[in-house]
Amino acid sequence: MRTVLEILTGELQKAFEACGYDKKYAKVVVSNRPDLCEYQCNGAMAATKEYKKAPFMIADEVAEKLAGNPYFEEITSVKPGFINIKIAQSFIANYIDEMAKDKKLGTKDGEKKTAVIDYGGANVAKPLHVGHLRPAVIGEALKRILRFNGYRVIGDVHLGDWGMPMGLIIEMLHDEQPDLPYFDESLTQEDFDKISEPPFNVSELERIYPAASARSKEDAEFKERAHQATLKLQSGYPAYRALWKMIMKVSVADLKKNYGNLNVNFDLWLGESDADPLIAPMIDDFIRRGFAHESEGALVVDVAKEDDTKEIPPCLIRKSDGAALYATSDLATIIQRMRDYNPDMIIYVVDKRQEMHFTQVFRTSRKTGIVKEDTVLSFQGFGTMNGPDNKPFKTRDGGVMRLEQLLNDINLAVYEKVKENRDTDDESAKKTAAIVGLAALKYGDLSNQITKDYIFDVSKFIAFEGNTGPYLLYTIVRIKSILAKYCEATGNKFGTAAFETIFNNINNGMLNADVSVKDNYTGVNKAQTPSEKNLMLELSKFGSVVNTACEELAPHKLCNYLYSLSDAFNSFYHENNIMGESDKERQKGLVSLISLTRKVLETGIDMLGFEAPERM
Ligand code: ARG
């Protein structure tokens, strides 16, 4: 399905050509003066140079050519040379009907491309804290947006599961529980295979790591032991491998639960450890082909370029003591991803303070040719979530806040609001609060450009009015309630069954997701009120917004759109009495319009990674 912009541009192109001008000047854009017109074309201004004619003369001719064209309600030329457009009611109504029938509501499928998104970045044996919120929320939204646009997407959590923290935990356990079988040197793999119960639970694990880490800063002997334990683990010592697997088992189960609470789901639970076997052959290859060289005992790849404006240090791939580094692991992971998925694009959703690391890794990948020439390597560095003091968010006593705690706090605040708003039992208020709280948190994050820092402000995020997640949900709940009333009044059996949530549709069967409007849709009216037409105009932009959000990896553009669509709906709602409409045919048209609005909003928030409750 073509977008409205494409259709309008097509009409303008014909007119430009008929008047003897190049059609490249005929581009139509959304108006930046909505008080004057809906769309506009500024091409006459650009054409003036080529044709040596005043822009308003060109605009006049083109506008005149288009007089009487059924697509336009009004097309006027305005000095110095704008062409202002209002589109015809019948055109927009037809367009809306087509869109409602379309499986993707007018969104175009991109080329069938494969993308890997690296976006969790959690570290094993450490609880998720607020710093893990942004990569999870942004990555999940990008995954869903790309899938809806027809990409094959593989989301990988890429756990930090392999370095020194593992050695620290092992040595701490060694001191605390020396009798564990893992420290009995007479035992073999077979003995370890028989153990099914981990020797710790997740809270113990989460105590052990920080304690070990703190100790290593004061106790050099302990630190050295942990270093040795790490090397032993990495070289395959069976006892430590077995113990490491237990750490993984306990920690990953907990991470899955916590990411699950955020409605964040990974396709792959791989980590740095999975890239490890590829490191040695990769380094050999880099040396053999002359890309890596020794520098002060370490092995490096030079990545600086002549036209660099700041210094880009060489990429360090092996320390003088033989240890691999963060970059080594990321490079080997790229090799693994190319081998397993042959992606057209690898997207990293990681703290923007790691930009230099990724510059080095990307340049090394290009230089050594471990990626295809046209594989896009995209670093989506995100800004920090700050507290009210505009410094990275902390707990009241200055510590790092757990993600679980943050989510509980916001849910509690929403719960109180729900209880205030209406009489409801505790259990359903809690359920609603969990859904609304998550939306508040995710929207509060996603509505900001990825690279920007933002301030976490609970009362702002959970407000039912304004540019917030709950406002979108409130709008959806309002539409659902009108539709329920309509179904009840007309005996339309769509009633409740039709209100199944489409949440996770996109996530699961994404490529073939069919979100066309099936219930309560007979076709919209030719708009009779400005707010009715405005709602249609907003709806008709959905496809191009979704395409742009995908091309630019910009969830905030989808947020902005859903917000203005909600505004358009609410103005429409205040100006039109849907249930009180006595003309039954017109009422059907209004109901069709709000059914589509609901579908667009639900599909939109599904892409952002949250859902709407039945009531609020
Ligand atoms: N675990 C890392 C950290 O805590 C983030 C991993 C990001 N992804 C990557 N491929 N480097 O900083």
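Order of appearance sets the numbers: ligands from 1, and atoms from 1 within every ligand.
For the residue pair S459/D457, the side-chain donor-acceptor check at 3.5 Å is satisfied. Donor-acceptor pairing under 3.5 Å is recorded for the side chains of Q380 and S378. No hydrogens or angles considered: a donor-acceptor pair under 3.5 Å links the side chains of D193 and Q189. Using modelled atom types, one finds a donor on one side chain and an acceptor on the other under 3.5 Å when comparing Y454 with D445.
The ligand atoms of ligand 1 that sit less than 4.0 angstrom from a heavy atom of V350 are 7 (C), 8 (N). Taking a cut-off of under 4.0 Å to the non-hydrogen atoms of H158, the atoms of ligand 1 that pass are 8 (N), 9 (C), 10 (N). Taking every non-hydrogen atom of G121 and a distance limit under 4.0 Å, the qualifying atoms of ligand 1 come out as 1 (N), 2 (C), 4 (O), 5 (C), 6 (C).
Of the heavy atoms in N123, only side-chain atoms (C-beta onward) come closer than 4.0 Å to ligand 1. Of the heavy atoms in F358, only side-chain atoms (C-beta onward) come closer than 4.0 Å to ligand 1.
Annotation for P199 and E204: closest pair O-OE1, 4.4 Å, computed over non-hydrogen atoms.
For atom 5 (C) of ligand 1, the nearest non-hydrogen atom of the protein is Y326 OH, 3.6 Å. Protein heavy atom at the shortest distance from atom 12 (O) of ligand 1 is Q354 NE2, 2.9 Å. For atom 8 (N) of ligand 1, the nearest non-hydrogen atom of the protein is D118 OD1, 3.1 Å.
Among residues two or more places apart in sequence or in another chain, the side chain to side chain contact (heavy atoms under 4.5 Å, CB included) test is passed with D308 by A304, K305, I312, R363.
For the pair Y348 and ligand 1, the shortest N or O to N or O distance does not fall below 3.5 Å.
Here the side chains of T230 and Y240 are not in contact, with every heavy-atom distance at 4.5 Å or above.
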